[in-house]
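Position 1 is the first residue of the sequence, and the numbers go up from there. If you're wondering where the values come from, they're calculated on a predicted model, not measured in any experiment.
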Amino acid sequence: MKKLNELTVIESIEGLKKGEFKCIDLVETCLYVIKIRDPKIKAFLKVTEDSAIENANKADKEIKLYGEKVFKEKPLLGIPYACKDNFSTLGIETTASSKILKGYIPPYESTVTKKLAEAGAILLGKTNMDAFAHGASTETSDFFTTHNPWDLERVPGGSSGGSAAAVSANMCIFAIGSDTGGSIRCPASWSGITGLKPTYGRVSRYGLIAMASSTDSPGPMTKTVKDAALVLKVIAGKDPFDATTSNTEVPDYLEKIKNVSLKGLKIGKPRSYFETEFESGVKKAVLESVEMLKENGAEIIDIDLLDFKYSLAIYTIIQRSEVSSNLARFDGIRFGHLRDHFGFEARKRMMLGSYALSSGYYDAYYSKAQKVRTLIIEDFKRAFESVDLIIGPTMPSVAYKIGSKEDLYGELTDTMQTPGSMAGLCVIAIPGGFSEGMPVGIQFIGEQLAEVKVLAAAHAFQEITDFHKKFPEV
Ligand code: GLN
């Protein structure tokens, strides 16, 4: 039988409804497991033990008082989660893993954490990440590197690496991450969990410490696709505090994906994604997953998409440009410390961005990059005229050893992530096999606001596979 910390969100809710255990049991089990495992994994920057216990007791009282129906109003009541440290949490230190923000206590709450609290979810703590989300491993964190629960010598992926490791090591029931150019999908893939990068504007960025404002997308990191659907419903929606959020109604994702099948689904398989060089073990696992989709009724269609080297190139320019502008606010007057507290990676990105935006270079770099971005958006639109979804490997390799890729933070690991980010699409990364004993991820890419389609296909895949049911022994 599963231990409480190993439950999914949906299993936890069922157990609470039936009175099989209490919220306090769920929270205390997670806190206990954090105490035992986190000294090795280092997923958490801060554990909010006291408030978690207090909130669990409150949740138990509500359940006792109102019974099952309380879950209608508070769909995540009593469910403990971990949150990436770039979401502002009222009264709780928020550093984005940077020394410059050490000691910064936000005077307000991000929309995502506010919505989760209103839905009854219980914050267990803030998780480690690459500082300011610059990276794909957590190695640029100004504090420490998080270890991959599948192999402690490897990185968990990044930048939402702490959140991914916390889910993978069953230290929480679900987690929240943010994805600018792969930061949910990469760690989901390398840590063997499910990660959803929603459409840009589907989930509010209010209170998220900005990295690249034109692509930052908060999203759920979970043990199953069904859990991601449930959490997305809670955090998505129009927000008066973020003008880029979509007005489109938020559907009941979980309900919509319940009875789906892969039959007749047209899935595009981009030649450029599969013909590129990537680790043979990863390729094998991904191709086997594609085969399984086919055997279960999906139609796999070879398609042509622009080479991802273009996305990677413009991501590098646009992301650095936006970083140089966003990080300019950290002047030591309103937040934390002086600029000399910036780490090397943040400095490098600010310098590059300032260069790309400076007069004389603006047209050559930034403006040109924006034009190419439009071409990438059109390229996807064209592809989606003939297919429902696009499949690809999430990452070209399994997680690498800590310290083995110095100075390659981000760039070379982002090849398969940046196209979806540049076009603002919705993409889900789910476990799709193993190589060298490490998890391999596959991703389903959908059009903007095609979350139902993407979640449905990923859920259907999880119905016929059990990769997502495997967890590391920590
Ligand atoms: N790895 C990418 C980078 O370093 C993406 C980071 C992110 O999505 N926040 O830029």
Requested in this report: Output yes when Lys99 and Asp142 qualify as a salt bridge under the 4.0 Å nitrogen-oxygen rule, no when they do not.
Outcome: no
Query raised in the report: Do we see a donor-acceptor contact under 3.5 Å between the side chains of Asn128 and Ser141?
Result: yes
Report task. Give a yes-or-no answer on whether the side chains of Thr89 and Thr94 include a donor-acceptor pair shorter than 3.5 Å. Result -> yes
Query raised in the report: Would Thr194 and Gln462 count as having a side-chain donor-acceptor pair, cut-off 3.5 Å?
Result: yes
Requested in this report: State whether a side-chain donor-acceptor pair under 3.5 Å links Asn170 with Lys223.
Outcome: yes
Query raised in the report: Can you name the residues that form a ring-ring contact (aromatic ring centres under 6.0 Å, His included) with Tyr315, not counting sequence neighbours?
Result: none
Query raised in the report: Is it the case that Ser110 and Thr113 place a side-chain donor and acceptor less than 3.5 Å from each other?
Result: yes
Query - Donor + acceptor pair across side chains of Gln319, Thr180 (<3.5 Å) - result: no
Requested in this report: Answer yes when Lys22 and Asp25 have at least one side-chain N-carboxylate O distance shorter than 4.0 Å, and no when they do not.
Outcome: no
Query raised in the report: Within a radius of less than 6.0 Å around NZ of Lys115, do more than 12 heavy atoms belonging to other residues, nucleotides or ligands occur?
Result: yes
Report task. Please determine if Lys58 and Glu62 form a salt bridge, counting it only when a charged side-chain N lies under 4.0 Å from a carboxylate O. Result -> no
Query raised in the report: How about Ser160 and Arg185: does a side-chain donor come under 3.5 Å of a side-chain acceptor?
Result: no
